[in-house]
Each structure stands twice: as structure tokens, then as C-alpha cells.
A.B. asks: 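Mind having a look at this structure? Questions to follow.
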Amino acid sequence: MKRRIALLGSTGSMGTQALQVMDQFPDLFEVELLSANSNSDLLIQQAIKYKPNVVVIIDEQHYEKVKNALAKEDCKVFAGLQSLVDCMSMNSIDMALSCIVGIAGLAPVYSAIENEIPVALANKETLVVAGELMMQKAREKNVPIIPVDSEHSAIFQCLIGEHGNVVEKIILTASGGPFRGKTMAELEKVTCEQALKHPNWNMGNKITIDSATLMNKGLEVIEAKWLFNIDLDKIEVIVHPQSIIHSLVQFTDGSIKAQLGLPDMKLPIQYALTFPQRLTSEFPRFSFADFSTFTFEDPDMETFPCLSLAYHASKEGGNKPCVLNAANEVAVAQFLNEKIKFTDISRIIEKALSNIPFSRPRTIEEYLEVDREVKEMF
Ligand code: MN
């Protein structure tokens, strides 16, 4: 029996890499559902190639186009986020791989968990914004959530076989991004083009900017807290510019385990899809000759305030991580449109965090309401 995968967010950087991974194992995987936000051209191409039973285009403006293009295909076409949420009750889905970017990932992932579908999670906002709710529901339904984010995949792999041994701390590695070592004054002048040149990872635009501000690491700290049920003060960030050690776990005996590999998202994607098995891959192998040195340094949280803003928001809890995430989404979009400076990103987030009062959302809908409230401020 093939594993039937619902690929949420199939046209982005992660989604297309996930399909490349599945291409390697045609006997193991079958695409049951494809969804995309608005890239209808690529979604149509993918649907013709992978023949899913269901295709969902989130942006309803593209519905007619997708439906007409797939009229001859044996697949159902739906539009809108709610359709995607509803599709998570299909009992023909064996696993949902969420590669959706941003807050839109929340409701479909929650729905998958409610419907007892195992989740491979590449969408970090899901846990950043509503980690408590998601993990509670996952425990209640006994649904595995397997991380796809490379750092969390590394930690997940380090914890295999530890059978509840106590973790002393989790050490998340960060590349430091393209602006590592720059001063605040230099950062005032950096361009969008420079920010989009990540030294090691090939990723979508939003996350590449998040890597440059270190917000990506901040979001990952919060993600790790929920995913591994560990206190914030036991999560450390260390800058490792080579991006070969993907993260580490230190146990109470002082021993540290790490997971290493060349920076390629296809590796954690494949692991999440095939866990607990490891399947042979053709990915390039790490060579010691190419990396004679691994270096480490503390993150510069003064020059890159986004990381400390994330720690603060997570410590406060409630709606604050949601506010952080929403303000960051808006600020990054404005930076990508060249409306604000790079250094304005953290200022905007800081302002949003202090302007929006503390609250304690109880449902996905309430979190989405906080998200809307923040985005309306701009
Ligand atoms: Mn990551």
C-alpha cells in the first residue's frame, strides 16, 4: 500500500521540494491532495502530473481557471481555505505535509490533527502562534507531529531511542544569515536584494528575510518549546555559519548529540515522510575535506533584536507570539516591497507587541482574530 499524502502548499519552495522527494519513491507515495494559495499555473501542471484526487486553490479568484484546466482530469477541484480545512476529514489521507507559508497553515493543520491524520510540519507559524492548542489536541488524539524544519528534524532525530531520558538543553544552530557581523549602522543601508542572498540555504523569500533578521531562529525557538515540551530557558541558540550541524541536544549526563548533513531541505522532508525508516537517497554526501573547520559564536541579539523579541513574546505567552508573528509577516512583506528599511522590521514588531494588550486566545478562530487585528494596524 502506498502512503497517500496531502501536500498543503505544493507550489512554494518546500512544496516543490517535497514533490521532488516523492518522485524518488514512486512505489511508496501517492499524492492524494494538492493545495496552493494562488500559483494556479504551477498547481495545474502538478495536478496533471501527479493525478491527485483533490485539488484546492485557496485564492477563489483562480477557481474557474483551475477547474477548467483540470476538467478532463479525474479530480475534484475546490476553492478557499475552508474547503482545505474540510478536506482534512477525507479518510483517504495517510499523512498531511504542511508546507503552507504563514498563518494560513493554522486551520488546515488543526483540522488534520482533529481528524487523526499524522502531520509532517514545515509550517512553523502553526506552533509559534497556537502551539499549546495544537500540541494539546495532538496528545488527545494521539497524532504524531513530525517536524520538517531542519533544526527540529535534527532534535527529533537526536531524541530517538532516548525513551524519556531528561533533556538538559536544546541547542538550535543558526547560520547567522547574510548580515552576520554587520553593525546596526550598516544594517540601516542593506537592500532587499542583499537580504535575499542566503549563504547556505535555498528557501522562499519570506523565510530568507526571516533568516537575515534572525526572526527565523526566534520562531524556531518557540516552535521547539511546543514540539519538544521544553522550557524556554532550556533552549539556546548558537550561530554556526557552516550550517552542517543542524541542531543539538544535551542530556543530564552532559552528553551532547547532534545531527549533521549538507544543508538541503529535501533531507528533513524525506525523513518526515518515511519516519521511522531511513531510505537510501542520492543527495550529495558531506565531505570532511570540504569543511576543515566548524565555527560557533553567540548570536548578536542587540544588532538583531528579532531573536530577543521572540524570546520575550514566548515568555509572556497568550496572544504575544501571535502578535509577533503577524507583525513580522506584515513588516517582511513591506520590506520585500521596498516600502521600509531592513532595520524597521524589528521596530514594527516591537511597536505591535507593546501596543496590543495581552489576551489569552482559546481557539484557532480567536488566534486568527488576533492576527487580523495586528494586520489591520498597518
Ligand atoms: Mn529552520
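Ligands are counted one by one from 1 in listed order, and the atoms in each one are counted from 1 as well. FYI, the numbering just counts along the sequence from 1.
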A.B. asks: Tell me the side chain to side chain donor-acceptor pair (under 3.5 Å) pairs involving residues 94-110, sequence neighbours left out?
C.D. replies: R4-D94
A.B. asks: Which protein atoms of type N, O or S are found under 2.8 Å from the Mn ion (ligand 1)?
C.D. replies: D149 OD1, E151 OE1, E220 OE2
A.B. asks: With under 30° as parallel and over 60° as perpendicular, where do the rings of F342 and F179 fit, or are they tilted in between?
C.D. replies: perpendicular
A.B. asks: Show which side-chain atoms of residues 267-276 pair as donor or acceptor with protein atoms under 3.5 Å away, not counting sequence neighbours.
C.D. replies:
unit_1: Q270; atom_1: NE2; unit_2: L279; atom_2: O; d: 2.9
unit_1: T274; atom_1: OG1; unit_2: Q270; atom_2: O; d: 3.0
unit_1: T274; atom_1: OG1; unit_2: Q277; atom_2: O; d: 2.9

A.B. asks: Taking all heavy atoms of T295 and all of H240, pick out the closest pair and write down the distance.
C.D. replies: O-ND1, 3.2 Å
A.B. asks: Just by distance, no angles: are the side chains of E350 and S354 close enough, under 3.5 Å, to form a donor-acceptor pair?
C.D. replies: no
A.B. asks: For A104, which residues count as a side chain to side chain contact (heavy atoms under 4.5 Å, CB included) partner, sequence neighbours excluded?
C.D. replies: I100
